[in-house]
Visitor: 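One structure coming up, written as structure tokens, with questions to follow.
Only this structure's heavy atoms are used, side chains among them; waters, hydrogens and symmetry mates stay out. All values reported here derive from a predicted model rather than from experimental measurement.
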Amino acid sequence: MVTLSELLAFFESVAPKALAEDYDNVGLLVEGETDKIDTLVLALDADEHTVCEVEKAGAQLILTHHPIMFRPVNKLTEEEGGQRTIRRLLQKGIGLFAMHTNFDSAEGGLCDAFLDAFGDFTERTSFVGTADGIGRIGKLDAPCTLSDLLVRGKKAFSPENEICYVGNPDSVVETVAVCNGGGGDMLYDAYSLGAQVYISGDFKHHHARFAVENNISLIQIDHYDAEVGFCNLMKKRLETAFGDKLTVLIAEGETSPWKRF
């Protein structure tokens, strides 16, 4: 068993709150009824099904990547799913902590893990030129083709589904930029930094058109596929830090909300 204070200090050491983007809402979003934690459940998102799973597991805390309260919540009724989830958390006395863009930005966090899936890099930096910060741009230790990157991305994130791209599959790539999740608008930063390929998710038509017109390739990895690895990354870190003092579970019922026809 560990205390909530111990966990909060650990979370801050892994992904300092100061690294979060200004628009984000990270940290302890719902305080549970106990400060003693023996079981924690990891999830990309929190919903009613996750809360039920957590209750059955006897867990006291949920650690998610995405914050359930991203925009102002002005009521807590049964009318809307997010509100119902918060009500269930309060009713069951379960705590909720969110580690979002601060974990994306942290050295060794999701942006670094995302870049690692596409090869070995001799150097890398965030888009702002530091080890910490949103986005990553790196030079491959051995140039490859866009097609090679597509194969690596499909194997790592989308083995059963197609992935979309912009560019010539035979083009040779040395410099790769990434931002896991919904980083479409950061295309322009990647371009200004000299990336030959930018890999992210939630691209819109105008992003694809910009890429075509400005000779930068795109690879689109679905938001869920790119970020669900948060759970495995944090499970390993928590188990290393706390050993048998803390049981760490991954929500089993969580899947992408998108279906394919």
Side-chain angles (χ1 to χ4, degrees), residues 2 6-28 40 42-44 63-67 97-142 149 152-153 156-157 173-202 219 221 223-243 246 248 250:
V2 300
E6 289 177 299
L7 281 171
L8 296 183
F10 173 73
F11 294 154
E12 180 66 14
S13 71
V14 169
K17 194 172 182 178
L19 293 178
E21 296 294 295
D22 292 341
Y23 61 80
D24 207 359
N25 183 30
V26 300
L28 186 63
L40 176 151
L42 289 155
L44 186 62
L63 172 60
T64 66
H65 186 50
H66 295 143
F97 190 98
M99 187 185 287
H100 191 212
T101 54
N102 51 330
F103 189 66
D104 293 336
S105 297
E107 186 175 5
L110 266 186
C111 274
D112 277 319
F114 194 54
L115 183 63
D116 287 340
F118 293 93
D120 297 319
F121 293 83
T122 56
E123 57 184 76
R124 70 176 68 198
T125 181
S126 72
F127 284 3
V128 295
T130 57
D132 289 322
I134 204 69
R136 290 292 182 275
I137 183 166
K139 288 192 177 295
L140 288 159
D141 66 349
L149 294 177
R152 294 169 191 173
F157 301 106
V173 177
E174 293 181 309
T175 305
V176 178
V178 305
C179 184
N180 53 277
D185 284 339
M186 298 191 74
L187 162 62
Y188 311 108
D189 298 289
Y191 174 74
S192 68
L193 290 168
Q196 296 165 294
V197 179
Y198 178 51
I199 307 168
S200 190
D202 299 347
I219 298 176
I221 305 295
H223 197 131
Y224 175 88
D225 295 336
E227 297 197 329
V228 71
F230 163 81
C231 297
N232 283 322
L233 282 173
M234 282 306 301
K235 179 177 172 66
K236 291 177 183 177
R237 293 194 180 192
L238 284 160
E239 289 177 340
T240 298
F242 297 104
L246 181 68
V248 183
I250 294 176

Visitor: Quick one: closest heavy-atom pair of Asn102 and Lys17, and the distance?
Guide: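 For Asn102 and Lys17, the tightest heavy-atom pair comes out as ND2-CA, 4.2 Å.
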
Visitor: Distance check, rounded to the nearest 0.5 Å: Leu115 atom CG versus Leu110 atom CG?
Guide: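 Between atom CG of Leu115 and atom CG of Leu110 there are 12.5 Å.
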
Visitor: For Glu107, which of Leu19, Asp112, Thr130 qualifies under side-chain contact (heavy atoms from CB on, under 4.5 Å)?
Guide: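 Exactly one pass, corresponding to Asp112.
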
Visitor: Rounded to the nearest 0.5 Å, how far apart are CG of Leu140 and CG of Asp120?
Guide: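 Here the interatomic distance stands at 8.5 Å.
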
Visitor: In Å and rounded to the nearest 0.5 Å, what is the CZ to CZ distance from Arg237 to Phe11?
Guide: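 Taking CZ in Arg237 and CZ in Phe11, the distance rounds to 12.0 Å.
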
Visitor: Side chain of Gln196, backbone of Thr175: donor and acceptor closer than 3.5 Å?
Guide: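 Yes, Gln196 side chain to Thr175 backbone: donor-acceptor pair under 3.5 Å.
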
Visitor: Do you know which two heavy atoms are closest between Lys235 and Ile250, and how far apart they sit?
Guide: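 Result for this residue pair: CD-CD1, 3.8 Å.
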
Visitor: Decide side-chain contact (heavy atoms from CB on, under 4.5 Å) for Leu40 and Phe97; before the verdict, give the C-alpha distance in whole Å, the side-chain angles of both, and the deciding distance to 0.1 Å.
Guide: CA-CA 10 Å; Leu40 176 151; Phe97 190 98; over 6 Å; no

Visitor: Can you list the residues that meet the salt bridge (Lys or Arg N to Asp or Glu O under 4.0 Å) rule with Glu12, with sequence neighbours excluded?
Guide: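 With sequence neighbours excluded, Glu12 shows a salt bridge (Lys or Arg N to Asp or Glu O under 4.0 Å) to no residue whatsoever.
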
Visitor: Using the ring of each side chain (for Trp, its six-membered ring), is Phe127 parallel, tilted or perpendicular to Tyr198, with breaks at 30° and 60°?
Guide: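 Tilted: the ring planes of Phe127 and Tyr198 meet at 30° to 60°.
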
Visitor: His66: which residues meet the ring pair (Phe, Tyr, Trp, His ring centres under 6.0 Å) condition with it, sequence neighbours left out?
Guide: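 His66: ring pair (Phe, Tyr, Trp, His ring centres under 6.0 Å) contacts with His100, His223.
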
Visitor: Flag the pair Thr101 / Tyr23 as yes when at least one side-chain heavy-atom distance between them is below 4.5 Å, and no otherwise.
Guide: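 A side-chain contact exists here, since the closest heavy-atom pair is under 4.5 Å.
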
Visitor: Using 4.0 Å as the upper bound for N to carboxylate O, is an ion pair formed by Arg136 and Asp116?
Guide: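 Salt bridge absent between Asp116 and Arg136.
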
Visitor: Using every non-hydrogen atom in the two residues, find where Arg152 and Gly119 come nearest and quote the distance to one decimal.
Guide: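 Nearest pair, atom of Arg152 first, then Gly119: NH1-CA, 3.9 Å.
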
Visitor: Please identify each residue that fulfils salt bridge (Lys or Arg N to Asp or Glu O under 4.0 Å) with Asp24, with sequence neighbours left out.
Guide: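 For Asp24 there are no salt bridge (Lys or Arg N to Asp or Glu O under 4.0 Å) partners, ignoring immediate neighbours.
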
Visitor: After noting the C-alpha distance and the side-chain angles of Ile134 and Ser105, does the key distance pass the side-chain contact (heavy atoms from CB on, under 4.5 Å) rule?
Guide: CA-CA 4 Å; Ile134 204 69; Ser105 297; 3.5 Å; yes

Visitor: Is His65 reaching over with its side chain to a backbone N or O of Met99, donor-acceptor style, under 3.5 angstrom?
Guide: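 At least one qualifying donor-acceptor pair exists.
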
Visitor: Relative to each other, are the rings of Phe242 and Phe10 parallel, tilted or perpendicular (30° and 60° limits)?
Guide: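 It falls in the perpendicular class, over 60°.
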
Visitor: Side chains of residues 176-189: which donor-acceptor partners sit under 3.5 Å, not counting sequence neighbours?
Guide:
residue : atom : partner : partner atom : Å
Asn180  : OD1  : Cys111  : N            : 3.2
Asn180  : ND2  : Asp104  : OD1          : 2.9
Asn180  : ND2  : Glu227  : OE2          : 2.7
Asp185  : OD1  : His207  : NE2          : 2.8

Visitor: Can you tell me how far the CZ atom of Phe230 sits from the CG atom of Leu42, to the nearest 0.5 Å?
Guide: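 Output value for this atom pair is 6.0 Å.
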
Visitor: When rounded to the nearest 0.5 angstrom, what is the spacing between CZ in Phe121 and CG in Asp141?
Guide: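 Rounded to the nearest 0.5 Å, the CZ-CG separation comes to 8.5 Å.
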
Visitor: Give the minimum heavy-atom separation between Val197 and Ile199, together with the two atoms involved.
Guide: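 The answer is CG1-CG1, 3.9 Å.
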
Visitor: Taking only residues two or more places apart in sequence, or in another chain, which ones meet Phe114 in a ring pair (Phe, Tyr, Trp, His ring centres under 6.0 Å)?
Guide: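 By the ring pair (Phe, Tyr, Trp, His ring centres under 6.0 Å) rule, Phe114 matches Phe118, Phe157.
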
Visitor: Just so I know, are the side chains of Leu7 and Leu238 near enough to count as touching, which here means a heavy-atom distance under 4.5 Å?
Guide: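 Counting from C-beta outward, Leu7 and Leu238 do come under 4.5 Å.
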
Visitor: With sequence neighbours excluded, tell me which residues meet side-chain hydrogen bond (donor to acceptor under 3.5 Å, both in side chains) with Glu6.
Guide: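 So Glu6 forms a side-chain hydrogen bond (donor to acceptor under 3.5 Å, both in side chains) with Thr3.
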
